[in-house]
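Numbers here simply count residues along the sequence, with the first being 1.
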Amino acid sequence: EPVKKTMDYDRRLAHLVNIGYSELDVAGRIAQKSSIDAIIQEAVRSSGIKRDNAIGAAENILAAESNIDLLKPILDTALKGSVALDAEAADVSQILLASSRSLKISKDNFENALDIVTSSTGLGNFEANDLARHLPQQMPLSANVLGQGLLGLNKLTALNQVARMNAGNSDEAANNVVNILQKLTSVDTKKALHDQYKSRLKIIGFNVDDMYVKGQLDGKDKLQVFDEVLDRLVREDERSQEILKKVNQMRKRGDTDDQIYSAIEGTLEGSVIQSVLRDRQALFGFLAYKNNKSMYDKIIAEGNESAGAMRKNFGVIQATDSWKTDQATNEWEIATQKAFKPFNEALGTAAAVVTNFAQSFPNAAAVMSGAGYTTAAAAAAGIGGSIAMKGLGGRESSRANGRKGGKYGNPNARQCGKRYVECQNRHRPRFVVPFRRTEQRRNRQNHRNEAAICRRKRTGCQTVGNGHRAGSRQTGGRSH
């Protein structure tokens, strides 16, 4: 198993250099395997994450972002973050990737980003491992609605936490957040606001995009502006006011979104809220924000002061015996990788030689392969090796080989006058040699000894190749 495991790791490194150093030639890429291995080793040692998880996270990082310069800062922070948040390393690495790509958070602020996520999980019911799964897909939408940078991430985590308060589960809460982020800038929402402002407030040509731009200049995000725009309409609509009042009461009572929706479904019909937010998930995403603003603001305030939150969580885990045991296992795997490198290289070289032989001599390789499988099957069935070899050059076939001689075996075999069994042992065809080398050498030596005895008896016997021929008075010129 160590051989396979170390070889598999080396192959995964090869895939990583193909992605991260695609501009280099073959020799250049192979040379860079050691640099990626060093990055992974350092991240594993500092975080305590298992090496297989670490290289898996590295694969996800380079698959999403081929910039090799981001591998080290993302991997180092993501592995520690996965320990601190009890989340998958791949999910945490995706948070940092999406933060860099969508929210324009620099690599110097990656740890601060995870501090914000860690802080929010301590104030709400949206657990860290679930949040790690959902944040990356929300960030592209959030950047357009809540803004970029660490503050934009802070607002997004706060919105998820308030959405989770009455949602049935984390997936439902995250879906509500996605839908409200989409609806705020959708064409149908803009048209609905235009029509409602015209019919209820007698304002012609209302354009919510203009309000978004004005709000941005005043330091407001689109969610805040949308709330103000919709609130102006709600003040003119008694039905919408009744809905908001009932929703607030039910939330304080701890009712779920499903229960709330069932209670207000009849009241929604014809209301301003229903005409603007027709999507159920978007509606509850917005209502979660509107009715929990105090909690939303508190999470943001805590997030702004969250520096070091992730390291504190990590420090607690680092003090456990489990973490220390994992770290020792990692060191063992790193040492095993180094120890087996020369052996793996030798094994690879030998495998290449065998491959070349099989390609150059396909018939011989087929016979050797067949003999190996037949012997293994016979051994498994409890049959002796001599019987197993019968079909691949045993007694019956060797009798024919002895007669054919020069075509398949040693030409001297046909000159031997001894019984065909001895002939078989002395003049075995060449393709059987790899399986019976020791026996063949022993038989050849015995034959030489017999030849020497013949000479001592002055029989006139002469050694011929691997066999011998006698032409004395005692043998009457016959071969034996």
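When every heavy atom of Leu96 is checked against every heavy atom of Ala78, the shortest pair comes out as CD1-N, 3.9 Å. Contact record, Ala43 with Leu79: CB-CD1, 3.5 Å, taken as the closest heavy-atom pair. Taking all atoms of both residues into account, the shortest heavy-atom contact from Arg12 to Glu59 is NE-OE2, 2.8 Å. Contact record, Phe126 with Ala173: CE1-CB, 4.0 Å, taken as the closest heavy-atom pair. In terms of heavy atoms, Leu114 sits closest to Gly81 at CD1-CA, 3.9 Å. Residues Ile68 and Gly20 approach most closely at CB-O, 3.8 Å, considering heavy atoms.
The residues Asp115 and Lys312 are annotated as not salt-bridged, no charged nitrogen and carboxylate oxygen being separated by less than 4.0 angstrom. Electrostatic pairing of Lys72 and Asp76 counts as a salt bridge here, judged by a charged N lying under 4.0 Å from a carboxylate O. For Lys107 and Asp69, the salt-bridge test fails: no basic side-chain N is under 4.0 Å from an acidic carboxylate O.
In this structure, a donor-acceptor pair under 3.5 Å is absent between the side chains of Asn176 and Glu172. Asp188 and Ser186 share a donor-acceptor pair across their side chains, judged by distance under 3.5 Å alone. Asp171 and His134 are linked by a side-chain donor-acceptor pair at a separation below 3.5 angstrom, with hydrogens and angles left out of the test. For Gln182 and Asp279, the side-chain atoms include no donor-acceptor pair closer than 3.5 Å.
Two residues are said to be in side-chain contact when any heavy atoms from C-beta on lie closer than 4.5 Å; Val177 and Leu141 fail this criterion. Between Arg45 and Gln41 the shortest side-chain heavy-atom distance falls below 4.5 Å. Between Ile243 and Gln274 there is no side-chain heavy-atom pair separated by less than 4.5 Å. Here the side chains of Leu230 and Phe286 are in contact, with some heavy-atom distance below 4.5 Å. At least one side-chain heavy atom of Lys290 sits less than 4.5 Å from a side-chain heavy atom of Asp231. Here the side chains of Phe226 and Thr189 are in contact, with some heavy-atom distance below 4.5 Å. Inter-residue side-chain proximity for Ile180 and Val145 is flagged as unmet; no heavy-atom pair is nearer than 4.5 Å. The shortest side-chain heavy-atom distance between Glu111 and Arg311 falls under the 4.5 Å cut-off.
Ring pair Phe206/Tyr197 is parallel by interplanar angle, where below 30° counts as parallel and above 60° as perpendicular.
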Check step by step if salt bridge (charged side-chain N to carboxylate O under 4.0 Å, His left out) holds for Asp218 and Lys220.
-> CA-CA 6 Å; Asp218 293 336; Lys220 299 175 181 178; 5.1 Å; no
Side chain to side chain contact (heavy atoms under 4.5 Å, CB included) between Gln138 and Asn160, worked out | CA-CA 10 Å; Gln138 296 172 346; Asn160 275 280; 2.8 Å; yes
For Lys191 and Asp195, run salt bridge (charged side-chain N to carboxylate O under 4.0 Å, His left out): C-alpha distance rounded to whole Å, both residues' side-chain angles, the deciding distance at 0.1 Å, then the answer.
-> CA-CA 6 Å; Lys191 185 178 184 306; Asp195 295 343; 3.0 Å; yes
Where do Arg51 and Asp37 land on the salt bridge (charged side-chain N to carboxylate O under 4.0 Å, His left out) test, with the steps shown first?
-> CA-CA 10 Å; Arg51 193 177 65 160; Asp37 183 36; 5.4 Å; no
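Just one residue in the list Ile116, Leu123, Ile300 forms a side chain to side chain contact (heavy atoms under 4.5 Å, CB included) with Thr157, and that residue is Ile116.
Around atom CD of Glu238, no more than 12 heavy atoms belonging to other residues, nucleotides or ligands sit under 6.0 Å away. The number of heavy-atom neighbours closer than 6.0 Å to NZ of Lys33, taken from other residues, nucleotides and ligands shown, is above 12. In this structure, Glu88 places its CD atom where only 12 or fewer heavy-atom neighbours from other residues, nucleotides or ligands lie under 6.0 Å away.
Pairs of residues two or more places apart, or lying in two chains, that qualify as side-chain hydrogen bond (donor to acceptor under 3.5 Å, both in side chains) and include a residue from residues 118-130 are Asp130-Arg133, Asp130-Ser170.
With sequence neighbours left out, Tyr212 forms a ring-ring contact (aromatic ring centres under 6.0 Å, His included) with no residue at all.
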